[in-house]
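Here the structure is laid out as structure tokens; the discussion comes afterwards.
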Protein chains: 2
Amino acid sequence: MERKSAVRMEDVARLAGVSSITVSRVLNHPDKVAEGTRERVLAAVEATGYIPNSVAGSLASRRTRVIGALVPTITNSIFADTIDGMDDVLRPAGYQLLLGATGYSLDEESRLISAMLAQRPAGLLATGLQHQAQAYTLLRATEIPIVETWNVDGDPVDMAVGFSNFRACHAMVTCLAEQGARRIGFVSAPTTANDRAEQRLLGYRRAVRDLGLDADPALEREAKFSFHAGAERLLELLAARPDVEAIFFANDILALGALFECQRRGIRVPEDLAIAGFDDVELAAQVNPGLTTVRIPRYGIGRQAAHMILRRIEGGVVDPSVVDLGFEIVQRASTPAGSAAPA
Amino acid sequence: MERKSAVRMEDVARLAGVSSITVSRVLNHPDKVAEGTRERVLAAVEATGYIPNSVAGSLASRRTRVIGALVPTITNSIFADTIDGMDDVLRPAGYQLLLGATGYSLDEESRLISAMLAQRPAGLLATGLQHQAQAYTLLRATEIPIVETWNVDGDPVDMAVGFSNFRACHAMVTCLAEQGARRIGFVSAPTTANDRAEQRLLGYRRAVRDLGLDADPALEREAKFSFHAGAERLLELLAARPDVEAIFFANDILALGALFECQRRGIRVPEDLAIAGFDDVELAAQVNPGLTTVRIPRYGIGRQAAHMILRRIEGGVVDPSVVDLGFEIVQRASTPAGSAAPA
DNA sequence: CTGAACGTTGTAAGCGCTAACATCCGGATT
DNA sequence: AATCCGGATGTTAGCGCTTACAACGTTCAG
């Protein structure tokens, strides 16, 4: 029973023969303390095993070293990559991530925003530009910097980093058309509470119109995020429109699920059917044939968003406040090498 | 410029015609306040848009609603699943996750533990049973509940949830041997700062000895976590020991990288070479042939760990303090259906 | 009719730090 | 020698809440 109550700053101060403000200074502004004193204090910190109480520190200074991060789910590797990028920038700067998974529910997002704001984070990172009215009220009422990620097709509350899901999908459909396909199917992710998925669907539709392709609604499907759903929609679409030449999936997991199903059924890709995905997950380059897809800056979004938050925390001006990191079509063997220049 | 300083509890109290302690009670112990008063206070909260300052609350009450979670990386889906499990239990209970990624560095882990403890979390979740001396000092000095995850082969600081990596690997090797293989290669993950990987390697070696299999060191390789590294080690191993019958990879990503390489080279699996993995990621069931692997309770580890933390926070006793959630060999087509009963 | 017990609200104190200001000192300036 | 200045440290006063405990009116047993 030698575990006494936690060491406080005053205990360290007493041992070092200084007042507690000097200990505070050694820990927060070391250059404002004479070297000898500093060493004595540091020795006392070491000797006592003192761990500063940042709850008290934050209350007194009115600022925390915590950044809230909201993602739909941590289980989808694309968001894991983004969080990774955020953490790689934030941690060296002394900030910690408070994580919140909304489960693609705007309702849950609002609740999480409330809970996070109660912790008085130094900044907030959210996914997408679509939120509930209540969320907007909360976000607009706060003074802290906010970065919305993964979409630039819309108006951010404060700052935004991402790319145009709309243009990316438009570009891929254009690409498939240039390779000769006229009947191009699209398997969307659920578009409710997901502005990125919605923009992808709209981008497909617009491209179909712009290029005068076959616009049959039977060529459009919706699927939850899983390999299995990708395989299912493939079969449905093939049954409804046996003449479909290419199917574009709103994410790689769906596309790969379909690709694996093709392998099982002996459907030749791309000879019998071309398949394209979106996200360029690592696996896309590994499968056989390799998956044609849209490469997007998952990690970069996280880094850039974190940089913008930090800059604002430090009082800087962030201009422009919306950063489009772009995308890139990655041609692999799951689509025919068309008349378009190979990438 | 109508954005005044943040609403405080006192502002709400004044509007509701009560003292601030009553507001505090409405928010924290609603049943201790008369219904009429409660409604008046809640209306005032709504009207002012008050968001409690939990930094101040935590300082006064000396407890937070934050749980620190340390993982090697969030980028590996197995840890993402575990975090998901933790969050699914913790969030409904009103706790938030403070995330820390150690990057498989015990040094960084120690630093993160310090940083987290400074936030005075209500509990701590760590990965593995191996830590630096300094980390042990910190962990033993704190009063908060700690759960170490993903391993039960060792002595936890406080509580632990996981499975035996050693026995799981031993079992898989035994299984491969029962299917007729005598020359079984093993591709390990880097074992430095990773007790789970180390136990897996030891489990393989022990099984080789126990079963009297070919124990050539040339059958052992080490690979970083990537599809590419799996493919590379496959080729190296095949070059060094062309007579190898089966290769067991310490994780599914390595195994799948090798499987894809086999597809490219026309190596028939399992006729020419059997391949087994570890983790049972979703993809393992999708590829062709399906990957034989070890299914482990990734999500369940997170849930169980969170439950144990919660129970202790609420003053309960957790017994047993080490929970072995077990594992399961999943037979798929990448290994021959041997004399063993099919799963 | 008294007073113990309860439900409800308020008062006082302080959680462990840091911002702001005050103080002290030696040395440079005039 | 008087003055000023800047570096180093200390004093004071909170940050915005919650934990005691006190105070008040009601109710109800004896």
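To find a chain, count down the sequence lines: A is the first, B the second, and so on, and within it residues start at 1. Side chains included, hydrogens not; waters and symmetry mates left out as well; all remaining heavy atoms used. If you're wondering where the values come from, they're calculated on a predicted model, not measured in any experiment.
Per the geometry, CG belonging to Leu27(B) stands 16 Å off P belonging to dG16(D), to the nearest Å. The distance from atom CZ of Arg25(A) to atom P of dT11(D) is 11 Å, rounded to the nearest whole Å. Rounded to whole Å, the distance from CD on Glu10(A) to P on dT9(D) is 18 Å. The distance from atom NZ of Lys32(A) to atom P of dA8(D) is 10 Å, rounded to the nearest whole Å. When the P atom of dT19(D) is taken as reference, atom CG of Asn28(B) falls 7 Å away, rounded to whole Å. Separating the CZ atom of Arg120(B) from the C1' atom of dT18(D) is a distance of 18 Å, rounded to the nearest angstrom. Straight-line distance from the NE2 atom of His29(B) to the C1' atom of dC17(D): 12 Å, rounded to whole Å.
The stretch residues 46-55 of chain A has no heavy atom under 4.0 Å from DNA chain D, so no residue of it qualifies as close. Near DNA chain D, defined here as any heavy-atom distance below 4.0 Å, the residues from residues 17-24 of chain B are Ile21(B), Ser24(B), listed numerically.
Of all non-hydrogen atoms in Thr48(A) and Val7(A), the two that sit nearest each other are O-CG2, 3.4 Å. Shortest non-hydrogen contact noted between Ala305(A) and Thr149(A) is CB-CG2, 3.8 Å.
Partner of Tyr299(B) under the side-chain hydrogen bond (donor to acceptor under 3.5 Å, both in side chains) criterion, chosen from Asp88(B), Asp81(B), Asp84(B), Thr82(B): Asp88(B).
Between Gln119(A) and Gln96(B) there is a side-chain heavy-atom pair separated by less than 4.5 Å. Between Leu70(A) and Leu125(A) the shortest side-chain heavy-atom distance does not fall below 4.5 Å. Side-chain contact check for Phe163(B) versus Ile301(B): some heavy-atom pair is nearer than 4.5 Å.
Candidate nucleotides dG16(D), dT18(D), dT19(D) were compared by shortest atom distance to the side chain of Ala56(B), and dG16(D) ranks first.
In this structure, the side chain of Ser54(B) engages the main chain of Ala118(A) through a donor-acceptor pair within 3.5 Å. Not a single donor-acceptor pair under 3.5 Å links the side chain of Asn151(A) to the backbone N or O of Leu129(A). Side chain of Arg91(B) to main chain of Ala101(A): a donor-acceptor pair is present (N/O by atom type, distance under 3.5 Å, no hydrogens or angles).
Salt bridge annotation for Glu108(A)-Arg111(A): present, with a cationic side-chain nitrogen under 4.0 angstrom from a carboxylate oxygen. A salt bridge links Asp158(A) with Arg312(A): at least one charged nitrogen is closer than 4.0 Å to a carboxylate oxygen.
Taking 4.0 Å as the cutoff to heavy atoms of chain B, we find the contact window on DNA chain C bounded by dT8(C) to dG16(C).
Each of Thr37(B) and Leu59(B) lies near DNA chain C, and the nucleotide nearest Thr37(B) is the one positioned closer to the 5' end.
Judged by atom type and distance alone, Arg62(A) does not reach the base of dG14(D) through any side-chain donor-acceptor pair under 3.5 Å.
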